[in-house]
Amino acid sequence: MKPAPFAYCRPDSVAEAVEVLASSESSRVLAGGQSLIPAMNFRLTDVSVLVDIRAIAGLDSVTVDADGVTVGAAATQSRVLADAGAARAVPGLRAALRHVGHLQIRNRGTVCGSLAHADPAAELPALAVATDARIRVTGPGGRREIAARDFFCGPFWTALEDGELVTEAWFPATRPDSVTVVDELARRAGDFAVAGLVAMIDASDGAVRTSRLVGFGVGGAPLRLGSAEAALAGWSAGRPTADIEQAAAADCADAFDDIHATSWYRREAVAALVLRAARTALAAKEQL
Amino acid sequence: MSLDIDPRIRHRTRHIGRSVPRREDRGPLTGASRYVADIKIGGMLEAAFVRSVEAHARIVSIDTSQAEALDGVEAVFVAADLADVKSFPDYISYIGSVRQRPLASDRVRYVGAAYAAVVASDRYVAEDAAALVAAGTVYEPLAAVADLDQAMAPDAVRLFDHWDSNISVDVNPSRPEVDRAFAEADHTFAETYTSQRQTGLPMETRGVVADPSDGNLTVWTSTQSPHMVRTAVALMLGVPEPQVRVIHPTVGGGFGTKTHTYPEDVVVPWMARRLGRPVRWIEDRAENLVASAHAREQRHDVEVAYDDDGTIRAVRCTSILDMGSGEIFMPGTAPVFVTNACITGGYDFANMAARTVGVVTNKTPSGAYRGFGIPEGAFVMERIIDRVARLTGTDRVELRRRMLLRPGQTPYVMHGGGRLDSGSHRQSFEQALPDALAALARARARHAGDDDVRVGVGYCNYVEPTSPSYHLTTGHWGGHDSATVRVDPDGSVRVAAGLSAMGQGAETVAAQLAADALGVLPEQVTVVLGDTERAPYGLGSWGSRGAMMLAGGVLMASERLMDKARRIAAHLLEADDSDIVLTDGAFHVAGSPAPSVSWAEVGTTAWVRTVDLPEGVEAGLETSGFYHPENLKHHLDADGRINAAASWANGTHIAIVSVRVSTGEVSVEDYIVVHDCGTVINPALVDGQVHGGVVQGLAGALYEHFQYDPDTAQPKFSSFMDYLVPTCAETPPMTVGHRESPPPDQPLGVKGCGEGGTVGPPAAVAGAVSDALADWDIDLTACPVTPVAVRAAVRAAETAGRGPRGSR
Amino acid sequence: MTSEALTEVAVGITVNGRLSRHRVPARLLLSDYIRDVAGLTGTHVGCEHGYCGSCTVIVDGDAVRSCLMLAAQADGAEIRTVEDLADSATGALSPMQQAFHDHHALQCGFCTAGFLMTLESVDPAEWRSPERTVELLSGNLCRCTGYQNITEAVAAAWSTNHEEGGTQHG
Ligand SMILES: Cc1cc2nc3c(=O)[nH]c(=O)nc-3n(C[C@H](O)[C@H](O)[C@H](O)COP(=O)(O)OP(=O)(O)OC[C@H]3O[C@@H](n4cnc5c(N)ncnc54)[C@H](O)[C@@H]3O)c2cc1C
Ligand code: FES
Ligand code: FES
């Protein structure tokens with residue numbers, strides 16, 4: 001399991017990186033390498049030039065302000081996980097990152113790399129969609145900003161064009177009265193989710209008012225659970241759940257089958273996660 | 001801990017029975033150990049194998065030219081190049097011969113079968129070249145046989161043209177008494193139980209380094225049986241056996257997978273000889289998952305006859321093993337025979353008709369994995385007992401109590417001839433119950449008030465044949481093992497044994513045994529294992545035989561050595577042999593500690609100052625013991641029965657689980673073991689064996705499963721992301737209790753303990769989950785118990801109108 | 001380094017305090033660099049896809065999978081491996097190594113270096129609780145021990161008592 005030959009470079013600037021990326025067809029950005037290198041070790045990915053972005057000055061920054069959190073492309077998952085300010089501004093970041101791999105993976109893996117990689121079972125893309133994050137990229141055609149909901153097109157497939165580099169991701173600050181829950185069913189600690197959910201829930205007087213529910217591991221890309229959101233509005237603990245479960249399952253009608261679970265299991269699991277999240281959010285509100 | 005010590009050494013036992021710290025630890029703790037991948041020899045080349053990507057195909061042609069042209073490539077070999085190498089022998093007459101070539105020639109029968117090999121300057125280049133050979137291979141695909149039903153279908157494609165079906169073996173002894181019981185019983189039911197495909201998965205993959213210099217052939221291989229590898233390599237390459245030296249360096253786990261002699265064990269030395277240079281091949285994990293033995297894929301078609309009061313009158317069981325392609329040496333058929341032999345566990349139940357079938361399919365060959373068929377059978381038996389209890393309204397614990405062997409019932413002969421020489425079958429269960437019930441109560445309390453979580457308990461009472469016959473498994477080897485004990489001029493002791501060490505602590509145990517047998521400290525004992533040049537011929541470590549065979553060999557050799565040492569000491573002390581005793585490492589006349597003679601003086605006399613030897617005593621102080629356990633049989637008796645193990649350990653496992661009904665998640669909350677392997681030589685090591693075994697068993701109960709595409713027989717796994725080895729987060733707290741029922745006929749009263757841990761978990765967990773879901777009347781018949789499996793069972797029950805009132 | 005893409009790269013890597021410079025293939029994995037170039041075979045390779053943790057080493061203070069890093073990426077880095085844990089002068093084991101020995105927390109030992117390096121990289125104060133310890137260790141597979149003795153060894157080595165100089169085990 002050794003990678004096939006390739007060339008490696010470590011540019012100092014975004015401009016240089018973009019230039020190399022554009023110059024060769026099967027060039028690839030190397031961020032944390034925690035998804036790319038395993039794929040290369042299995043010789044599943046054809047790469048001629050690897051562009052290591054970790055030496056680019058400033059790319060590893062994590063900035064928190066009143067509007068939100070900006071995570072540079074070289075900032076590791078561990079670094080973001082440890083950032084208390086980021087966790088206050090966007091609680092979902094910490095909640096999601098706790099489910100990502102293991103310490104050793106997070107010490108190298110980047111938040112932006114996870115977004116660019118777009119694994120359908122990954123937590124961060126779903127978080128990005130749930131929080132309305134924006135992904136900022138630079139490419140041969142200059143810079144642009146892509147809304148998370150437009151960024152994820154399918155399994156391992158994003159709106160990135162050839163030669164484009166994600167430079168940072170911006171996560172808007174979560175309103176303080178909203179509760180974020182990131183929950184998933186995984187076979188083992190640290191595994192990718194068999195089914196997962198990012199829920200941002202507003203509740204008052206013991207009932208859910210509005211929610212934003214994004215499933216992962218249930219479709220080719222993060223999946224907004226529109227019907228479940230509608231069914232959940234007004235729900236309080238102890239009320240019937242069948243409608244919500246049905247709605248959530250309907251939202252995931254196209255959930256896939258793989259060796260870890262069947263499609264119907266994923267639908268049921270998401271329904272269970274939605275209820276779990278709602279209960280958690282209501283309980284959290286009560287504590288306040 | 002109370003200890004029944006063999007009277008021959010009782011008076012000087014100081015280390016046996018103690019948790020003597022392991023001498024093996026320092027190497028791995030500091031990084032100083034040498035595993036096979038750490039061996040580096042000047043001028044060494046690296047190999048990669050080219051493996052079939054087809055499940056079943058003819059190889060039409062292989063174009064190696066591109067690979068050969070690559071910079072750094074020394075050679076590319078295909079099957080035709082190895083024409084002078086003999087095939088792996090087909091020693092067992094009653095199973096289908098597979099005529100396995102070291103490299104697959106015209107036909108490949110599973111994804112992962114090696115059909116070419118590349119040797120290059122390093123592994124990176126070797127893999128580049130292997131990819132080119134793969135790209136240059138033209139296959140003619142054949143229909144693939146993906147499972148037992150396909151394999152046994154009348155119109156099935158045959159894997160071997162010289163067979164008339166895909167059935168390798170089918171043994172069906174008649175048991176008229178079973179038929180009678182079926183006729184008389186109140187009720188019967190039929191069920192099919194299955195256990196899934198898994199593997200031992202040592203953290204260290206396999207690897208072979210071969211050095212052909214000096215006209216000799218030295219082979220380092222990560223194996224559990226170096227002598228057997230030597231015999232096979234010498235035979236197949238046509239090299240005199242004394243010119244082949246096989247060494248296993250530090251081995252990073254084996255768990256049965258490394259008992260086999262694999263094609264690479266033969267091809268790498270052949271390539272080294274051919275090229276005149278050392279060659280190294282280290283299996284990578286992708287290879288490991290398809291090219292090292294799989295195991296455990298069995299189906300059990302069962303009929304049970306029982307009475308209203310819960311009495312099980314008789315069981316018929318057809319056990320069918322999916323052997324994969326069968327191309328493995330030694331063959332992979334034995335585990336399913338063991339399944340049937342051990343199926344009745346610790347129960348007084350012999351009214352059993354067991355048919356044993358082995359079938360080939362287009363999957364990785366099945367072979368040995370710790371447990372070797374025992375867990376599969378235990379699963380069937382415990383599921384049967386739970387079912388009968390439920391059908392007749394009998395308490396599951398009471399039914400087991402009624403059935404378990406009681407004190408005084410041993411020796412007990414099982415339906416297949418297994419002779420349970422001693423044991424604590426009922427007592428172990430009774431000992432485990434209070435802890436289990438307390439744990440159950442704790443788990444219930446923990447989840448009280450959560451409607452979605454159900455708690456259950458499951459049981460398994462098993463027996464573990466230890467030090468089994470290798471004749472039944474290999475058709476060639478027997479069941480002995482050996483040790484040579486030497487005392488050097490300075491009084492140091494050296495023990496060399498044919499056993500292997502893969503992490504169990506065999507060296508520490510050998511030192512404890514020799515220390516007590518010779519009245520020295522373990523620190524004074526040097527232990528040599530795993531080297532055919534330095535240790536006598538032995539069969540290696542598998543079948544829970546290490547401790548037992550070491551005890552046999554070391555004590556036998558030590559006993560002989562002591563006789564001689566006593567004579568020498570007596571002569572030096574001018575006393576009578578029979579008056580000499582050994583205290584604290586010094587020989588003296590009984591009752592008078594001085595004058596005394598030390599081991600160094602005895603050793604020096606034996607080897608150096610031989611002029612001081614008594615008349616008629618030869619020089620030297622080295623003896624060997626070739627131990628063969630008394631009760632171990634290798635041939636069936638007239639009834640077709642056999643006691644194929646030297647002794648039988650036993651144990652009780654109880655699992656406490658919680659099940660989240662809405663998601664099907666199962667969590668093992670507590671795991672209780674009471675274990676009886678006779679005399680415990682080193683309690684810490686035995687606990688370690690149990691812990692590790694239990695977690696492997698839980699892996700089979702809940703996680704690990706090699707899945708293949710049902711149409712193409714293509715593996716649906718390629719990494720640890722798909723083959724779910726549990727981490728510590730999936731591991732429950734374990735409580736391990738011991739009992740000691742030493743077998744009367746074994747030196748020291750030792751039985752083996754290597755495999756028992758793996759046996760109980762599938763049965764105990766499936767029983768516990770079924771118990772937790774009793775309101776739905778769920779009765780699981782297969783592992784792994786995945787969330788999907790649980791949800792499927794709940795849905796099926798609810799569709800059929802079963803389930804607790806008012807539940808979801 | 002500039003943006004020139006090379007199939008062979010010059011690296012200067014400090015392993016266990018010793019800096020060496022080599023030209024290595026761009027594709028050389030750090031695990032292979034440590035084992036073959038630096039000659040330190042205590043770091044083991046169990047999967048080469050980032051799951052098993054046997055290859056864990058410390059890079060600039062953080063535990064990482066050396067099979068998921070290129071040697072090229074480690075240019076300029078400081079790396080610690082298992083060979084660096086025991087006292088080089090006296091050979092005395094580190095407290096965690098000693099605890100592994102005392103609690104029979106290794107059998108075949110193939111996984112051990114990875115566990116030790118993971119543990120060495122973190123602040124016990126942050127990971128001491130049983131739940132956190134399990135979370136931490138879940139990034140390393142062991143096939144032999146069943147983990148129970150490993151968690152016990154860690155608890156013993158990290159007990160506050162131990163830090164005050166008390167002994168945990170005999
Ligand atoms: C054992 C293991 C367990 C894991 N478990 C999880 C888990 O539970 N959840 C989870 O979400 N992830 C998991 N991961 C994946 C991990 O989070 C990865 O780090 C992440 O998916 C990719 O980030 P990276 O920085 O390592 O990217 P890399 O591996 O470097 O790159 C991944 C892909 O994204 C591209 N890319 C990276 N950065 C950029 C950029 N800035 N611009 C454009 N393209 C870019 C690369 O070219 C490549 O195609 C696991 C990984 C391992 C090995
Ligand atoms: S070898 Fe690196 S994680 Fe397994
Ligand atoms: S001790 Fe063998 S894998 Fe951990």
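Chain A is the first sequence line, chain B the second, and so forth, proteins listed ahead of strands; every chain is numbered from 1.
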Worksheet item: Just checking, C:Arg128 and C:Trp158: is the charged tip under 6.0 Å from the six-membered ring centre and within 45° of the axis?
Response: no

Worksheet item: Out of C:Cys47, C:Ala63, C:Ala26, C:Cys67, which one racks up the most heavy-atom pairs below 4.5 Å with chain A?
Response: C:Ala63

Discussion item. With a sphere of 6.0 Å drawn around CZ of A:Arg144, does it hold more than 12 non-hydrogen atoms of other residues, nucleotides or ligands?
Written reply: yes

Discussion item. Using a 4.5 Å heavy-atom cutoff, which residues in residues 140-150 of chain C come close to chain A?
Written reply: C:Asn140

Discussion item. With a 4.0 Å cut-off on N to O distance, would you call A:Arg10 and C:Asp75 a salt bridge?
Written reply: yes

Worksheet item: Got a sec: does the CG of C:Asp87 have more than 12 other heavy atoms crowding it under 6.0 Å?
Response: yes

Practice prompt. Enumerate by number any residue of residues 29-46 of chain C whose heavy atoms lie under 4.5 Å from heavy atoms of chain A; in the absence of such residues, state 'none'.
Written response: C:Leu29, C:Asp32

Worksheet, complete the sentence: Between the CG atom in A:Leu160 and the CG atom in A:Leu165, the distance rounded to the nearest 0.5 Å is 8.5 Å

Discussion item. With a 4.0 Å cut-off on N to O distance, would you call A:Arg266 and A:Asp258 a salt bridge?
Written reply: yes

Worksheet entry | Rounded distance [0.5 Å steps], NE2 in C:His49 versus CZ in C:Arg65 | 10.0 Å

Practice prompt. Check whether A:Ala55 gets within reach of chain C through its side chain, its backbone, both or neither, counting any heavy atom under 4.5 Å.
Written response: neither

Practice prompt. Against chain C, label A:Leu50 side chain, backbone, both or neither, depending on which of its atoms sit under 4.5 Å from a heavy atom there.
Written response: side chain

Worksheet entry | Modelled atom types, side-chain donor and acceptor of A:Asn107 and A:Ser78, under 3.5 Å | yes

Discussion item. Among C:Thr7, C:Val122, C:Leu136, C:Val59, which residue has the highest count of heavy-atom pairs closer than 4.5 Å to chain A?
Written reply: C:Thr7

Worksheet, complete the sentence: Counting heavy-atom pairs under 4.5 Å with chain C, the top scorer among A:Gly101, A:Gly33, A:Pro38 is A:Pro38

Discussion item. Below 4.5 Å, heavy-atom pairs only: which of A:Thr76, A:Val49, A:Asp52 has the largest tally toward chain C?
Written reply: A:Asp52

Item to complete: Calculate, to the nearest 0.5 Å, the distance between atoms CZ and CE belonging to C:Arg80 and C:Met117 respectively.
Response: 5.5 Å

Fill in: Proximal component of C:Leu28, with respect to chain A [non-hydrogen, under 4.5 Å]
neither

Worksheet item: Hey, are A:Asp191 and A:Arg187 close enough for a salt bridge, meaning a charged N less than 4.0 Å from a carboxylate O?
Response: no

Fill in: Electrostatic pair C:Glu135:A:Arg98 at N-O distance under 4.0 angstrom
yes

Item to complete: Taking atom CZ of A:Arg43 as the centre, report whether more than 12 heavy atoms of other residues, nucleotides or ligands fall under 6.0 Å from it.
Response: yes

Worksheet item: Pick one: which of A:Trp157, A:Phe156, A:Phe152 meets ring pair (Phe, Tyr, Trp, His ring centres under 6.0 Å) with A:His117?
Response: A:Phe156

Practice prompt. Would you mind telling me which of A:Ser48, A:Ala4, A:Ser23 has the largest number of heavy-atom pairs within less than 4.5 Å of chain C?
Written response: A:Ala4

Discussion item. Would you say the ring centers of A:His102 and C:Tyr51 fall short of 6.0 Å from each other?
Written reply: yes

Fill in: Contact origin within C:Ser138 toward chain A - heavy atom pairs under 4.5 Å
both

